[in-house]
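Notes follow the structure.
Just the heavy atoms: all of them, side chains too, but no hydrogens, waters or symmetry mates, feed the values below. These numbers were taken from a predicted model, which means no experiment stands behind them.
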Amino acid sequence: MHKTILGFLSQFHSLSSQGEVLCTQGLAFILKDPAANYAFAKALGKWTGITIPDDLRWSAEAYQEEDAGRPDLEAISPDGTPRIKIEAKLGADLGGAQFLSYVTDLEHRSDGGILLVLVPHHRMGEAVHLVERAFAVSGAPPWHPPAHSGITVTVVSWDDVVL
């Protein structure tokens, strides 16, 4: 049973061609609402064990100058520092290179941060395995990759997004 509309929509393979863009743009739109932003910050805190400020501003497809990467969603603090990057997938391939790009950008532009990998429930095992391999971590999330000081990485299902 799906608990959220985004979780429900994420299960349909017909969304694969443009669904990721629609879901991430939808999430960015929803997070402009202060109550939704607050609820998502609390959920992120639960998933990562980190207190998340509720004054973050979210944008979709933010541009990383260093490597031209584009995380699906990025949260920045009021001073413009990136704090959270989200790589959201439905049916497209997951890749460790993307994860490393986003973590490297967080390391270079802030004093730490969070990478959230967001996938449909049926892809959780695959996403966990890829994150473990990309960052040489194991065990249950959240992870704190030893080679990436101040970074927290976790994998969450679209079904767990509380919006």
- Query: Judged by atom type as modelled, is there a donor-acceptor pair below 3.5 Å linking the side chain of N37 to the main-chain atoms of L56?
  - Reply: yes
Taken in chain and number order and not counting sequence neighbours, the residues that satisfy side-chain contact (heavy atoms from CB on, under 4.5 Å) with Y38 are K42, D54
For A127, the side-chain contact (heavy atoms from CB on, under 4.5 Å) test, sequence neighbours excluded, returns L94, V117, V119, V155
Would you find a donor on one side and an acceptor on the other, under 3.5 Å apart, between the side chain of S101 and the backbone of A97?
no
Smallest heavy-atom separation, W47 atom then V161 atom, equals CH2-CA, 4.2 Å
Anything under 3.5 Å between a donor and an acceptor, one on a side chain of residues 76-85, the other on a protein residue two or more places apart or in another chain? List them.
{"from": "S77", "atom 1": "OG", "to": "D79", "atom 2": "OD1", "distance (Å)": "2.4"}
{"from": "S77", "atom 1": "OG", "to": "T81", "atom 2": "N", "distance (Å)": "3.4"}
{"from": "S77", "atom 1": "OG", "to": "T81", "atom 2": "O", "distance (Å)": "3.4"}
{"from": "D79", "atom 1": "OD1", "to": "T81", "atom 2": "N", "distance (Å)": "3.0"}
{"from": "D79", "atom 1": "OD1", "to": "T81", "atom 2": "OG1", "distance (Å)": "2.8"}
{"from": "D79", "atom 1": "OD2", "to": "T81", "atom 2": "OG1", "distance (Å)": "3.4"}
{"from": "R83", "atom 1": "NH1", "to": "D111", "atom 2": "OD1", "distance (Å)": "2.8"}
{"from": "K85", "atom 1": "NZ", "to": "Q64", "atom 2": "OE1", "distance (Å)": "3.0"}
{"from": "K85", "atom 1": "NZ", "to": "E74", "atom 2": "OE2", "distance (Å)": "2.4"}
{"from": "K85", "atom 1": "NZ", "to": "D105", "atom 2": "OD2", "distance (Å)": "2.8"}

Minimal heavy-atom distance between S110 and G112, with the atoms involved, is OG-O, 2.6 Å
Salt bridge (Lys or Arg N to Asp or Glu O under 4.0 Å) pairs touching residues 113-129, sequence neighbours excluded, are R123-E126
Closest non-hydrogen contact found for V131 with V137 is O-CG2, 4.0 Å
Residues passing the side chain to side chain donor-acceptor pair (under 3.5 Å) test with D93, sequence neighbours excluded, are none
All heavy atoms of T48 vs all of I52, minimum pair found to be OG1-CD1, 4.3 Å
The single option from T154, D72, T152 that satisfies side-chain contact (heavy atoms from CB on, under 4.5 Å) with L116 is T154
Output for pair (K46 NZ, D160 CG), nearest 0.5 Å, gives 6.5 Å
So ring-ring contact (aromatic ring centres under 6.0 Å, His included) across residues 131-151, not counting sequence neighbours, yields F135-H148
Candidate pair I151 and I114, rule side-chain contact (heavy atoms from CB on, under 4.5 Å), full reasoning:
CA-CA 6 Å; I151 301 294; I114 297 168; over 6 Å; no
